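Step one of this worksheet: look at the structure below.
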2 protein chains.
Amino acid sequence: MALKYSRQREAIKEFVMTRLDHPTADEVYMNVRQEFPNISLGTVYRNLTLLSDMGELLRLRVGDGVDRFDAAIHPHYHFICQECGSVEDLNIPIMESFNDHAGKGFGGQILSHSAQFYGKCSNCLKNNS
Amino acid sequence: MALKYSRQREAIKEFVMTRLDHPTADEVYMNVRQEFPNISLGTVYRNLTLLSDMGELLRLRVGDGVDRFDAAIHPHYHFICQECGSVEDLNIPIMESFNDHAGKGFGGQILSHSAQFYGKCSNCLKNNS
DNA sequence: TTTCAAATTAGTAATGATTACTGATACCAT
DNA sequence: ATGGTATCAGTAATCATTACTAATTTGAAA
């Protein structure tokens, strides 16, 4: 099971890296299809999973039932717009002390956390809906 | 579409309220079936969704691909054991200032957040696996 | 450069969670 | 008691994701 190069995997990774939003497998599929018209959705999923497992991508689950993929692999928080569903990275550093804070009076051991922030993105604010 | 009483819905809500862990729809189904052997999984889902929409239950998505339901409807953080997958409530208050903190240098408007903490639960710590 | 085993692919079938549909039943105001 | 409608059980459909398989691609050794 030594890893072998594949042009499809390369294109998938390249595409995710160009995006600041957090494309779903289907969005990746739709776009990579322009370069590889016969690529299959299974190939996209397999490679996204592979790249995530290798730590070259982040698999993101923000609770909308679809997996999203993020080329920014450093730990960070996410913002989800309640209006349009868009997902953005937030630039504040991870609050490490939050782990200890949450562990007060808790019997187990807390090692990490993730957080999602909700509200309106700048676009939806502008269109004041 | 006035709401009508149903014994099934009552039993579903009752069951979730007795539980401190966060049962999935299937777990609710398995248990309510003891009282209503013919209840269908669809009925369980419909009522869990209805109760969540009415704000009497919380629908929880912690990223394991299954929806969980929580009778503790006040906002609170969750802990997920990386060992056994169990989900527990954390008793610390929501850190409201986190919203403003995260909004620094962000163009949109942050109204709320959720957070999940990961590690080992007390049970798995005890069995030091 | 040819060769060949192993990894990867495209295509498709299978899975698992959830939702939608339908005719029968239960609730409840009149 | 009755009639209208919400709810039900049962089942089919959907959606995201994973698994399977025969054919193709890769890359290291001959």
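Proteins come first, then strands; the chains are lettered A, B, ... in the order of their sequence lines, and each starts at number 1. Since the structure is predicted, the reported quantities are computational estimates derived from the model, not experimental observations.
- B:Q8 has a side-chain polar atom (N or O) that falls below the 4.0 Å cut-off from OP1 or OP2 of D:dA9.
- Residue B:Y45 is classed as a base contact, given a heavy-atom separation below 4.0 Å to a base.
- Between A:T43 and C:dA10 there is a side-chain polar atom (N or O) within less than 4.0 angstrom of OP1 or OP2.
- Between the side chains of A:Y77 and A:H113, at least one donor-acceptor pair of N or O atoms lies under 3.5 Å.
- Rounded to whole angstrom, the span from the CD atom of B:E10 across to the P atom of D:dT7 amounts to 14 Å.
- An OP1 or OP2 oxygen of D:dT26 is reached within less than 4.0 angstrom by a side-chain nitrogen or oxygen of A:R7.
- Side-chain N/O atoms of B:S6 include one lying less than 4.0 angstrom from OP1 or OP2 on D:dC8.
- Aromatic ring orientation, A:H76 versus A:H74: tilted (interplanar angle from 30° to 60°).
- Residues B:F15 and B:L50 share a hydrophobic cluster, clusters being chains of Ile/Leu/Val/Met/Phe/Trp/Tyr side chains in contact below 4.5 Å.
- In this structure, OH of B:Y5 is placed 8 Å from P of C:dC28, rounded to the nearest angstrom.
- Rounded to an integer number of Å, the gap from B:M54 CE to D:dT7 P is 9 Å.
- At D:dT7, none of the side-chain N or O atoms of B:R46 fall inside 4.0 Å of OP1 or OP2 (strictly under the cut-off).
- What separates NZ of A:K13 from C1' of C:dT8 is a distance of 18 Å, to the nearest Å.
- Contact annotation: B:N38 side-chain N/O to C:dT25 OP1/OP2 distance is not under 4.0 Å.
- When each of B:G42 and B:L50 is assigned the nucleotide of DNA chain D bearing its nearest heavy atom, the one mapping closer to the 5' terminus is B:L50.
- With hydrogens and angles left out, the side chain of A:K4 and the base of D:dT25 share no donor-acceptor pair within 3.5 Å.
- Across all strands shown, B:T24 has no heavy atoms under 4.0 Å from either base or sugar-phosphate atoms.
- Residue B:I39 is in sugar-phosphate contact alone, with no base atom involved, counting any heavy-atom pair closer than 4.0 Å across all strands shown.
- Between B:E35 atom CD and D:dA9 atom C1' the separation is 16 Å, expressed in whole Å.
- If you measure from atom CG of B:D64 to atom P of C:dG16, you get 15 Å, rounded to the nearest angstrom.
- We find that CG of A:L48 is positioned 13 Å from C1' of D:dT18, with the value rounded to whole Å.
- Using a 4.0 Å cut-off between a side-chain N of Lys or Arg and a carboxylate O of Asp or Glu, B:D100 and B:K104 do not qualify as a salt bridge.
- With rounding to whole Å, B:R61 atom CZ is found 7 Å from C:dT18 atom P.
- Nearest-nucleotide positions on DNA chain C for B:R59 and A:F36 put A:F36 closer to the 5' end.
- Annotation: A:N91, atom CG; neighbour count of heavy atoms from other residues, nucleotides and ligands within 6.0 Å does not exceed 12.
- One finds no side-chain N or O of B:S40 lying less than 4.0 angstrom from the OP1 or OP2 phosphate oxygen of D:dT11.
- Side-chain contact, A:T43 with A:R9: no donor N or O sits under 3.5 Å from an acceptor N or O.
- If you check every strand for non-hydrogen atoms under 4.0 Å, B:D26 touches nothing.
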